Amino acid sequence: PIGTVRLLPDGHIGRMAVLPAWRCKGIGTSLLTTALEAAAERGIRQVFLDAQTTALGFYARFGFQAEGDEFMDAGIPHRHMHKTL
């Protein structure tokens with residue numbers, strides 16, 4: 001495997017990761033697009049995730065909006081983001 005993403009029944013998208021050697025090659029885009037399509041097919045109207053602050057721009061390109069304050073998770077700064085489908 002070169003990447004992964006998880007979609008939970010409540011619309012939470014998590015554990016999205018791509019191996020460093022495969023980043024910037026469209027893998028993350030494919031993973032996230034697939035997760036969003038799966039959510040829509042399941043009738044999920046709202047999706048959300050906790051993004052590392054360095055990835056906020058990536059998720060914003062897909063229509064995610066940041067909300068709340070920055071917080072630390074595993075020693076890495078994150079922000080909560082959501083998107084209506």
Side-chain angles (χ1 to χ4, degrees):
I2 59 172
T4 186
V5 66
R6 176 175 69 184
L7 172 64
L8 297 177
D10 65 356
H12 181 208
I13 295 173
R15 301 297 184 235
M16 184 153 157
V18 176
L19 290 175
W22 289 91
R23 292 180 188 159
C24 299
K25 296 181 182 192
I27 305 301
T29 294
S30 294
L31 289 169
L32 186 57
T33 299
T34 300
L36 294 173
E37 289 171 356
E41 288 172 6
R42 295 173 188 171
I44 298 171
R45 306 289 297 153
Q46 288 273 341
V47 291
F48 61 95
L49 53 84
D50 293 327
Q52 293 182 10
T53 56
T54 57
L56 291 174
F58 172 78
Y59 293 111
R61 289 196 305 270
F62 292 89
F64 281 86
Q65 296 180 340
E67 62 184 18
D69 295 329
E70 184 177 292
F71 63 94
M72 298 299 281
D73 185 5
I76 302 167
H78 284 71
R79 295 259 329 259
H80 187 72
M81 300 186 86
H82 70 278
K83 174 184 172 75
T84 300
L85 300 179

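Both backbone and side-chain heavy atoms feed into the values below; hydrogens, waters and symmetry mates do not. All figures in this text were calculated on a predicted structure; none of them were measured in a lab.
For the pair Thr34 and Val5, the minimum side-chain heavy-atom distance is 4.5 Å or more. A heavy-atom distance below 4.5 Å is found between the side chains of Thr29 and Phe58. Looking at Pro77 and Gln52, their side chains never come closer than 4.5 Å, going by heavy atoms from C-beta outward. Residues Arg23 and Ile27 form no side-chain contact, since every pair of their non-hydrogen atoms from C-beta on lies 4.5 Å or further apart.
The two residues Ile44 and Gly11 have their closest heavy-atom pair at CG2-CA, 3.8 Å. Closest heavy-atom contact between Glu67 and His80: OE2-CD2, 2.6 Å. Summarising the geometry of Met16 relative to Leu31, their closest heavy-atom pair is CE-CB, 4.3 Å, with the distance given to 0.1 Å. Shown here for His12 and Leu49, the closest heavy-atom pair between the two residues is CD2-CA, 4.2 Å.
No single ILVMFWY cluster, assembled from side-chain heavy atoms under 4.5 Å apart, contains both Ile13 and Leu8. Note on Phe48 and Phe71: separate hydrophobic clusters, where clusters join Ile, Leu, Val, Met, Phe, Trp and Tyr whose side-chain heavy atoms are under 4.5 Å apart, directly or indirectly. Ile76 and Met81 are members of different hydrophobic clusters when ILVMFWY side chains are connected at heavy-atom separations under 4.5 Å.
With hydrogens and angles disregarded, no donor-acceptor distance shorter than 3.5 Å links the side chain of Arg45 to the backbone of Thr84.
Atom CG in Leu36 sits 11.0 Å away from atom CD in Glu41 (nearest 0.5 Å). The distance from atom CG of Leu7 to atom CZ of Arg15, rounded to the nearest 0.5 Å, is 14.0 Å.
At most 12 heavy atoms of other shown residues, nucleotides or ligands fall within 6.0 angstrom of atom CG in Asp69.
Of the N and O atoms on the side chains of Gln46 and His82, not one donor lies less than 3.5 Å from an acceptor on the other residue.
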